[in-house]
**Student:** 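Got a structure for you, questions after.
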Amino acid sequence: MRIRTAVTVPAASAAMAAVLLTAPQSRAATGPDRPAAPHGLAASAHVRPGPCSAGSLTVRAKAVAGDPAVLRVGVTNRGARACVVDRVPTVTFGDLDGAALPVPEGGTGTYRLAAGGTAYADVRTVADPADSEARRVDVVTVSASAAHPGRSFRADRLGAGPHVVVWEPVVTWWQRSAAAADRAIGL
């Protein structure tokens with residue numbers, strides 16, 4: 001595997017250098033031309049949205065009916081413009097260290113929320129509630145971006161019972177629908 005990596009990196013570098021050396025100077029320095037804005041729209045309409053402010057977001061969480069080991073979380077952009085949140089929500093449990101791990105791995109990046117748009121994710125808090133190593137917490141905190149403080153939910157308000165049972169929790173990436181979040185976690 002190391003040999004293959006050692007050969008691939010120089011090959012990729014050589015290919016990129018060949019593209020840059022053969023491209024006209026204007027494109028090598030600035031990249032491809034962007035399409036002009038449609039008539040009547042400002043060029044800023046093509047600008048990527050910035051981060052969502054915590055105040056423009058509504059965060060929700062609730063246990064999935066019939067499976068209190070799975071929480072469904074949602075975030076809605078109440079702002080007038082599209083914005084971005086982290087690709088995966090940050091979910092922490094009471095005073096326990098760490099957060100739910102993303103499924104699939106590689107959760108860094110952003111997720112675009114349209115104005116008025118909602119995204120969904122599912123959190124599996126424990127694989128086996130009878131696991132002797134499982135912990136019990138009274139509060140789960142959910143944040144759409146790690147830079148935001150998040151919103152805390154008491155276990156009894158989530159519909160998870162008096163405590164949320166936690167051991168090796170995982171969370172899906174944001175999805176366009178609750179059904180897609182359920183599929184991503186295996187419901």
Side-chain angles (χ1 to χ4, degrees), residues 48-187:
R48 288 187 175 172
C52 298
S53 69
S56 70
L57 301 176
T58 299
V59 177
R60 295 169 312 288
K62 187 147 185 81
V64 171
D67 194 347
V70 177
L71 305 176
R72 177 165 305 119
V73 299
V75 62
T76 300
N77 176 7
R78 293 177 293 121
R81 293 193 170 131
C83 58
V84 296
V85 295
D86 292 346
R87 181 180 294 163
V88 178
T90 301
V91 183
T92 57
F93 303 90
D95 60 356
L96 300 177
D97 288 340
L101 296 174
V103 174
E105 291 180 14
T108 60
T110 59
Y111 183 89
R112 183 182 186 278
L113 271 175
T118 300
Y120 304 86
D122 279 1
V123 182
R124 183 174 306 282
T125 63
V126 64
D128 179 6
D131 187 333
S132 63
E133 295 190 66
R135 304 292 181 251
R136 283 154 181 70
V137 297
D138 299 327
V139 175
V140 174
T141 302
V142 180
S143 177
S145 292
H148 297 169
R151 181 174 172 201
S152 294
F153 301 89
R154 290 186 14 200
D156 58 346
R157 299 272 174 129
L158 289 168
H163 304 285
V164 174
V165 181
V166 182
W167 188 251
E168 299 181 340
V170 295
V171 59
T172 66
W173 295 14
W174 288 117
Q175 305 290 323
R176 292 178 188 239
S177 69
D182 289 352
R183 285 190 301 273
I185 203 121
L187 289 181

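Nothing fancy with the numbering, it's 1 onward along the sequence.
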**Student:** Keeping the roles fixed (side chain from R151, backbone from V142), state whether a donor-acceptor pair exists under 3.5 Å.
**Tutor:**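 Judged by distance alone, no pair lies under 3.5 Å.
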**Student:** Classify the side-chain pair S56/R81 by whether it contains a donor and acceptor separated by less than 3.5 Å.
**Tutor:**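 No, no side-chain donor-acceptor pair sits under 3.5 Å.
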**Student:** Show the nearest heavy-atom pair for residues P162 and A155, with the distance to one decimal.
**Tutor:**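 Looking at all heavy atoms of both residues, the closest pair is O-CB, 3.7 Å.
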**Student:** Which atom pair, heavy atoms only, marks the closest approach of F93 to P169?
**Tutor:**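 Closest pair (atom of F93, atom of P169, distance): CE1-CG, 3.5 Å.
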**Student:** Within the structure provided, determine whether V91 and V140 are in side-chain contact (heavy-atom separation under 4.5 Å).
**Tutor:**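 They are in contact (side-chain heavy atoms under 4.5 Å apart), so the answer is yes.
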**Student:** Please report the closest heavy-atom contact between T92 and A99, naming both atoms and the distance.
**Tutor:**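 Between these two residues, the closest heavy atoms are CG2-CB, 4.0 Å.
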**Student:** Side-chain contact test, heavy atoms from C-beta onward, threshold under 4.5 Å: evaluate it for H163 versus D138 and give yes or no.
**Tutor:**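 Yes - at least one pair of side-chain heavy atoms lies under 4.5 Å apart.
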**Student:** Is V73 close to F153 at the side-chain level, that is, under 4.5 Å between some pair of heavy atoms?
**Tutor:**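 When only atoms from C-beta onward are counted, V73 and F153 do not touch, as no gap falls below 4.5 Å.
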**Student:** Once rounded to the nearest 0.5 Å, what's the spacing between atom CZ of R136 and atom CH2 of W167?
**Tutor:**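 R136 CZ to W167 CH2: 12.0 Å, rounded to 0.5 Å.
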**Student:** Should the heavy atoms of other residues, nucleotides or ligands under 6.0 Å from CZ of R176 be counted, would the total exceed 12?
**Tutor:**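 Count not over threshold, so no.
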**Student:** Is there a side-chain contact between D122 and D182 (heavy atoms, below 4.5 Å)?
**Tutor:**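 Yes; the side chains approach each other to less than 4.5 Å.
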**Student:** Taking all non-hydrogen atoms of both residues into account, name the closest pair between N77 and A82 and its distance.
**Tutor:**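 Where N77 meets A82 most closely, the heavy atoms are ND2-CA, 4.0 Å.
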**Student:** Short question: side chain of S145, backbone of H148 - any donor-acceptor pair under 3.5 Å?
**Tutor:**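 Not confirmed, S145 side chain does not pair with H148 backbone.
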**Student:** May I have the step-by-step check of side-chain contact (heavy atoms from CB on, under 4.5 Å) for R48 and T110, ending in yes or no?
**Tutor:** CA-CA 11 Å; R48 288 187 175 172; T110 59; over 6 Å; no
**Student:** Under 3.5 Å, is there a donor-acceptor pair between the side chain of D86 and the main chain of V88?
**Tutor:**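 Absent.
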**Student:** Counting N and O atoms only, with roles assigned by atom type, does the side chain of T125 sit under 3.5 Å from a partner on the main chain of V165, one being a donor and the other an acceptor?
**Tutor:**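 Yes, because the side chain of T125 sits within donor-acceptor range (under 3.5 Å) of the backbone of V165.
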**Student:** Using modelled atom types only, decide if a donor and an acceptor are shared between the side chain of R78 and the backbone of G55 within a distance under 3.5 Å.
**Tutor:**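 Yes, the answer is positive, given that a donor and an acceptor are paired below the 3.5 Å cut-off.
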**Student:** What is the minimum heavy-atom distance between W173 and P102, and which atoms define it?
**Tutor:**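 Between these two residues, the closest heavy atoms are NE1-CB, 4.3 Å.
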**Student:** If you compare all heavy atoms of G116 against all heavy atoms of T76, which two are closest, and at what distance to 0.1 Å?
**Tutor:**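 For G116 and T76, the tightest heavy-atom pair comes out as O-CG2, 4.1 Å.
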**Student:** Give me the one residue out of V103, V171, L71, D67 that meets side-chain contact (heavy atoms from CB on, under 4.5 Å) with R124.
**Tutor:**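 Exactly one candidate clears the test, D67.
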